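Predicted, not measured: the structure shown is a model, and the values here were computed from it.
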Amino acid sequence: MLRALNHVKSLRGENYFNFTGTATRSEYWWMALWALIISIIWFIATIIIIIFSLASQDKVNIKFNTFAEFIHNTPSTLIVWCLLSLLTLLAFVIPSLSLTVRRYCS
């Protein structure tokens, strides 16, 4: 388990933007495992937030003529969660891409 945390720490630190060199097979698969675990947890949290935010509304209006109406009728919790999800996705894409490039070089 300690090896798994060391691989994640190395991606968070000096190898975040490192697209040169090589990566070990275990480093690649530990990152894939952590990404899968975090994605599953994030998906479950998203479903729970969607259910509770839609259940807290008095009425659910599905017909929207403009994007402004959609944003106005969408709970603010969902908007904040979507923005947070986008930032999290961007935080995972860069090290995953750098790790994939370094793995393909070896």
Side-chain angles (χ1 to χ4, degrees):
M1 188 66 174
L2 188 59
R3 284 180 40 188
L5 293 176
N6 287 338
H7 291 302
V8 172
K9 286 180 184 177
S10 72
L11 279 176
R12 189 182 64 198
E14 70 270 1
N15 288 332
Y16 193 83
F17 286 110
N18 185 9
F19 288 90
T20 59
T22 59
T24 62
R25 190 178 298 157
S26 65
E27 185 180 5
Y28 178 80
W29 286 112
W30 277 115
M31 178 62 181
L33 178 66
W34 281 110
L36 178 69
I37 291 170
I38 291 171
S39 297
I40 290 171
I41 293 170
W42 199 270
F43 179 75
I44 292 170
T46 301
I47 296 299
I48 290 170
I49 287 174
I50 288 172
I51 289 171
F52 282 117
S53 65
L54 291 179
S56 67
Q57 284 186 323
D58 294 333
K59 59 177 180 159
V60 177
N61 187 7
I62 298 176
K63 295 182 180 180
F64 302 114
N65 294 329
T66 64
F67 184 71
E69 288 179 11
F70 172 74
I71 294 296
H72 179 70
N73 291 325
T74 303
S76 60
T77 309
L78 285 180
I79 295 172
V80 170
W81 187 257
C82 287
L83 292 174
L84 188 62
S85 297
L86 181 64
L87 291 174
T88 305
L89 175 72
L90 291 175
F92 272 103
V93 165
I94 295 169
S96 297
L97 186 61
S98 72
L99 182 62
T100 303
V101 168
R102 288 186 291 119
R103 181 66 199 142
Y104 285 148
C105 290
S106 61

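T46 pairs by the side-chain hydrogen bond (donor to acceptor under 3.5 Å, both in side chains) definition with W81, not counting sequence neighbours. The side-chain hydrogen bond (donor to acceptor under 3.5 Å, both in side chains) test applied to T20 returns N18, not counting sequence neighbours. With sequence neighbours left out, the side-chain hydrogen bond (donor to acceptor under 3.5 Å, both in side chains) criterion links W29 to no other residue. Residues passing the side chain to side chain contact (heavy atoms under 4.5 Å, CB included) test with L33, sequence neighbours excluded: W30, I37.
Through chains of ILVMFWY side-chain contacts below 4.5 Å, F43 is grouped with I47, I51. Residues L36, I40, I48, F52 make up the rest of the hydrophobic cluster containing I44, defined by ILVMFWY side-chain heavy atoms closer than 4.5 Å, directly or through other members.
To the nearest 0.5 Å, atoms CG (L83) and CG (L87) are separated by 7.0 Å. The CG atom of L99 lies 10.5 Å from the OH atom of Y104; values are rounded to the nearest 0.5 Å. With rounding to the nearest 0.5 angstrom, the OG1 atom of T22 is 8.5 Å from the CZ atom of R103.
No continuous path of ILVMFWY side-chain contacts below 4.5 Å connects L89 to W34, so the two sit in separate hydrophobic clusters. Hydrophobic clustering (ILVMFWY, side-chain heavy atoms < 4.5 Å, transitive): I50 and W42 are in one cluster.
With hydrogens and angles ignored, the 3.5 Å screen pairs no side-chain donor or acceptor of R102 with any backbone N or O of G21.
When all heavy atoms of S53 and P75 are compared, the pair lying nearest together is O-CG, 3.8 Å.
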